[in-house]
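Remarks on the structure that follows.
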Amino acid sequence: MKLPPNLSARKSTNHIQFSIFAKKIMLPYGISDYKDVQVNGLYYIDKTHFIPLLERQPRYLFLIRPRRFGKSLLVSMLEAYYDLRYQHEFDRLFKDTYILEHPTKERNSYYVLRLDFSAVDSQSADANFNTYANQRLQNFIEKYGLDVTLDDANVNNNLNKLFDYCNLRELPLFILIDEYDNFINDMLVKDEQQYKKLVTGQEAVYKQFFKTLKAGTSGTDASVKKMFITGVSPLAMYDLTSGFNIGTNITTDEAFNDVLGVTEAEVLELIGHYSLQDQQETILERIRHWYDGYRFNEDVPYSIFNTDMILYYFNALVQYKKEPRELVDINVRSDYSKIRFLVQSDRKLNGNFSVLNELLSTSRVETPSIKSSFSAFEMRDRDHFVSLLFYLGLISIEEYEAGMVQLTIPNQTIRKIMAEFLQKTMEENDLLDIRLPAFNRLINELAFHRKLSVFDYLGERINESSSIRDYISGESFIKGFLTAYLSLNPYYEVNTEREFTKGFVDIYLHPITADVPFGAAIELKYI
């Protein structure tokens with residue numbers, strides 16, 4: 001990577017080291033408590049200008065975003081804004097934000113019940129959910145000093161009792177539920193029958209909980225005035241439809257495209273705040289390749305960055321004055337193993353595996369529309385699977401053309417995560433026996449000594465793996481397998497169908513740092 005002449009940098013094996021003279025203020029990397037961020041003077045990417053817009057929507061809202069996108073911090077901010085307990089701290093909690101100068105009438109006017117279902121253990125989920133929710137109800141009663149006793153073991157009976165108490169006293173409730181589907185998704189992966197019991201069973205405590213919430217919104221002087229629910233997919237909400245069908249899904253609403261995530265304008269503010277203008281071009285080039293590319297509505301003319309990825313990257317720049325050695329944050333990887341069960345049927349790889357292979361081969365896939373709701377039991381349908389990949393953040397909207405939504409892998413981080421997933425899936429299904437230590441040694445020889453032995457090795461392994469032949473129908477499948485393995489290397493950004501002056505290159509290996517002297521352009525021919 002060529003550095004601007006005014007950039008002070010020192011070459012190192014896997015990173016660029018920057019000279020930084022920044023303000024002494026920490027970034028909230030890994031912190032989701034809004035009050036903590038504001039009270040302790042951490043850098044906050046202001047999203048409070050969305051509050052008036054949220055208030056113009058229906059009262060019960062549902063928002064889906066990928067993991068590590070800032071959902072919990074948004075929920076925490078809404079709690080601080082609407083909770084009547086914080087009315088005397090408003091100026092302190094919202095200093096230097098848009099809403100401080102533009103407060104709404106609903107500011108600090110609700111009794112806020114906040115739930116975070118990521119705290120529920122999927123082992124013995126029915127009992128654990130009941131215990132967790134009862135604890136949160138008890139905490140709610142104690143923090144507001146309410147004269148009500150919860151003496152039932154069943155959380156839904158207690159919730160009804162609390163609603164009755166609030167109704168009689170006209171106490172307005174705002175219910176915030178973060179990660180509504182976290183433990184349910186774990187259950188879906190581990191035990192599909194248990195998932196059915198929890199979500200579709202008539203006596204399931206989880207399903208009954210959402211029925212009770214719905215009941216709390218109906219009738220004269222209903223106590224539940226507002227709800228805001230976040231998650232990573234619409235699966236559980238669809239399967240709960242008979243129990244909860246009052247929520248308005250704002251996930252793909254154009255107005256809320258960047259209610260979470262980081263826009264390039266917000267990145268530029270971040271660069272200015274930490275006095276990194278001299279490195280701006282280099283920083284932008286890096287993060288556009290590795291963390292950008294998310295679009296949640298086809299009419300939005302720009303893409304946004306993943307919040308966690310940006311904070312991870314800038315945290316290293318600010319704290320250690322250099323890029324992170326690993327450009328992929330390990331915390332971003334954690335959720336994507338959950339889709340592994342979706343590519344297998346009866347212990348054999350199904351059509352969903354081919355979709356992933358197609359994505360790595362061409363970087364894009366198309367579908368007539370992104371499904372706003374569908375069941376966990378419909379995931380063998382290609383368009384439903386593509387929609388789930390979109391909600392999980394593995395693909396994002398590129399454009400709408402000729403009646404089809406074109407989706408693409410958003411960045412190099414996701415490409416690497418998908419490659420790791422595909423490689424493990426092939427290994428577990430005895431499709432392709434490529435030993436990574438030997439492979440990485442040969443990639444090193446390509447990067448530093450211009451030796452092409454890695455391609456001989458890959459060709460031999462594909463030729464010797466008889467099990468893979470059932471999946472090979474042409475060049476694109478070989479390209480997908482090659483792209484998956486090549487994406488695992490530590491030296492290159494991997495691009496497919498990269499445009500050059502005289503056409504497109506099938507696979508282009510672009511050195512990540514200036515330390516790597518040799519790249520590669522690969523053209524495949526299938527015989």
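Note that this is a predicted model, so its numbers are computed, not measured.
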Next item on the list: Evaluate the side-chain proximity of His273 to Val318: yes if any heavy-atom separation is below 4.5 Å, no if none is.
Entry: no
Note to self: So, applying side-chain hydrogen bond (donor to acceptor under 3.5 Å, both in side chains) with Arg364, which one of Gln406, Glu358, Glu398 is it?
What the structure shows: Glu398
Next item on the list: Would you sort out whether Phe296 and Phe256 count as a ring-ring contact (aromatic ring centres under 6.0 Å, His included), showing the intermediate values?
Entry: CA-CA 9 Å; Phe296 299 99; Phe256 295 104; over 10 Å; no
Notebook entry, point to check: Do Ile184 and Tyr195 have side chains that get closer than 4.5 Å, going by heavy atoms?
Noted result: yes
Item checked: Flag for Asn331-Tyr312: side-chain donor and acceptor within less than 3.5 Å -> no
Check: Closest heavy-atom contact between Tyr44 and Gln38?
Finding: CB-OE1, 3.9 Å
Note to self: For Lys424, is there an ion pair with Glu420 - N to carboxylate O distance below 4.0 angstrom?
What the structure shows: no
Margin query: How close do Ala484 and Leu422 get, counting heavy atoms only, and between which atoms?
Written below: CB-CD2, 3.9 Å
Check: Would you call Lys525-Glu523 a salt bridge at under 4.0 Å N-O?
Finding: yes
Check: So, Asp383 side chain and Pro368 main chain: donor-acceptor pair closer than 3.5 Å or not?
Finding: no
Item checked: Thr413 (side chain) donor-acceptor with Tyr291 (main chain) under 3.5 angstrom -> no
Item checked: Side-chain donor or acceptor of Asp506 paired with backbone N/O of Leu524 under 3.5 Å -> yes
Next item on the list: Taking only Lys NZ, Arg NE, NH1 and NH2, and the carboxylate oxygens of Asp or Glu, determine whether Glu264 and Arg288 approach each other closer than 4.0 Å.
Entry: yes
Check: Going by heavy atoms in the side chains, are Met237 and Tyr180 under 4.5 Å from each other?
Finding: yes
Notebook entry, point to check: Taking C-beta and beyond as the side chain, do Leu509 and Val494 meet within less than 4.5 Å on heavy atoms?
Noted result: yes
Notebook entry, point to check: Side chain of Lys95, backbone of Val39: donor and acceptor closer than 3.5 Å?
Noted result: no
Item checked: Distance in Å, Ile434 CD1 paired with Arg461 CZ, rounded so as to fall on 0.5 Å steps -> 7.5 Å
Next item on the list: Give, for atom OG of Ser487 and atom CD1 of Ile409, the distance between the pair rounded to the nearest 0.5 Å.
Entry: 8.0 Å
Check: Strictly by modelled atom types, are Thr97 and Asp46 linked by a side-chain donor-acceptor pair under 3.5 Å?
Finding: no
Check: How many angstroms lie between atom CE of Met26 and atom CG of Leu311, to the nearest 0.5 angstrom?
Finding: 11.5 Å
Margin query: Applying side-chain contact (heavy atoms from CB on, under 4.5 Å) to Leu188 and Val199, what does each step give before you reach the verdict?
Written below: CA-CA 10 Å; Leu188 178 61; Val199 177; over 6 Å; no
Checklist line | Atom pair CG/OG of Asp258 and Ser303 - distance to nearest 0.5 Å | finding: 10.5 Å
Next item on the list: Please examine the side chains of Thr263 and Ile45, heavy atoms only from C-beta on, and report whether any two atoms are closer than 4.5 Å.
Entry: no
Margin query: Checking the side chain of Asn297 only, and the main-chain atoms of Thr252 only, is there a donor and an acceptor separated by less than 3.5 Å?
Written below: yes
Note to self: Please find the pair of heavy atoms, one from Asp116 and one from Tyr132, that lie closest to each other, and give the distance.
What the structure shows: N-OH, 2.7 Å
Margin query: I need the single residue from Val300, Thr251, Ile397 that forms a side-chain contact (heavy atoms from CB on, under 4.5 Å) with Asn257. Which is it?
Written below: Val300
Notebook entry, point to check: Between Glu326 and Lys416, is there a side-chain N and carboxylate O pair less than 4.0 Å apart?
Noted result: no
Check: What distance do Phe518 atom CZ and Leu446 atom CG have between them, rounded to the nearest 0.5 Å?
Finding: 9.5 Å
Check: Tell me, do Leu317 and Tyr274 make a side-chain contact under 4.5 Å, heavy atoms counted?
Finding: no
Next item on the list: Test side-chain contact (heavy atoms from CB on, under 4.5 Å) on Leu63 and Lys71 and set out the steps.
Entry: CA-CA 9 Å; Leu63 176 69; Lys71 295 187 295 295; 5.6 Å; no
Notebook entry, point to check: Does any N or O in the side chain of Thr307 come within less than 3.5 Å of the main-chain N or O of Gly261, such that one atom is a donor and the other an acceptor?
Noted result: yes
Item checked: CA sep, side-chain torsions, deciding dist, call: Ile512, Arg286, side-chain contact (heavy atoms from CB on, under 4.5 Å) -> CA-CA 9 Å; Ile512 292 176; Arg286 176 72 88 213; 3.6 Å; yes
Margin query: Donor-acceptor check, side chain of Lys35 to backbone of Ala80, threshold 3.5 angstrom: yes or no?
Written below: no
Next item on the list: Tell me yes or no: between the side chains of Ser363 and Thr496, is some donor less than 3.5 Å from an acceptor?
Entry: yes
Note to self: Please determine whether a side-chain nitrogen of the Lys or Arg among Lys47 and Glu266 lies less than 4.0 Å from a carboxylate oxygen of the Asp or Glu.
What the structure shows: yes
Margin query: For Ile304 versus Asp292, what's the shortest heavy-atom pair and its separation?
Written below: O-OD1, 3.0 Å
Notebook entry, point to check: Are any side-chain N or O atoms of Asp253 and backbone N or O atoms of Ala255, one a donor and one an acceptor, separated by less than 3.5 Å?
Noted result: yes
Check: Which heavy atom in Ser372 sits nearest to a heavy atom in Pro234, and how many Å separate them?
Finding: O-CB, 3.6 Å
Notebook entry, point to check: Would you say the side-chain atoms of Thr230 and Asp178 include a donor-acceptor pair closer than 3.5 Å?
Noted result: yes
Next item on the list: Return the orientation label for the Phe69 and Tyr294 ring planes: parallel under 30°, perpendicular over 60°, tilted otherwise.
Entry: perpendicular
Item checked: Distance-minimising heavy-atom pair for Arg68 and Tyr29 -> NH2-CE1, 4.4 Å
Notebook entry, point to check: Sub-3.5 Å donor-acceptor pair from the side chain of Ser76 to the main-chain atoms of Ser72, do we have one?
Noted result: no
Check: Are Glu179 and Val232 side-chain neighbours, meaning at least one heavy-atom pair lies under 4.5 Å?
Finding: yes
Notebook entry, point to check: Does some side-chain heavy atom of Pro511 sit less than 4.5 Å from a side-chain heavy atom of Tyr491?
Noted result: no
Note to self: Applying the ring-ring contact (aromatic ring centres under 6.0 Å, His included) criterion to His384, which one of Phe390, Phe374, Phe377 satisfies it?
What the structure shows: Phe374
Margin query: I'd like to know whether Leu268 forms a side-chain contact (heavy atoms from CB on, under 4.5 Å) with Gln280, so could you lay out the CA-CA distance, the side-chain angles of the two residues, the decisive distance to 0.1 Å, and finally the verdict.
Written below: CA-CA 8 Å; Leu268 292 175; Gln280 180 169 302; 3.6 Å; yes
Check: Taking only residues two or more places apart in sequence, or in another chain, which ones meet Tyr391 in a ring pair (Phe, Tyr, Trp, His ring centres under 6.0 Å)?
Finding: none
Notebook entry, point to check: If you round to the nearest 0.5 Å, how far is CG of Asn352 from CG of Leu388?
Noted result: 9.0 Å
Item checked: Passing candidate, side-chain contact (heavy atoms from CB on, under 4.5 Å) with Ile522, options Leu482, Leu486, Thr483 -> Leu486
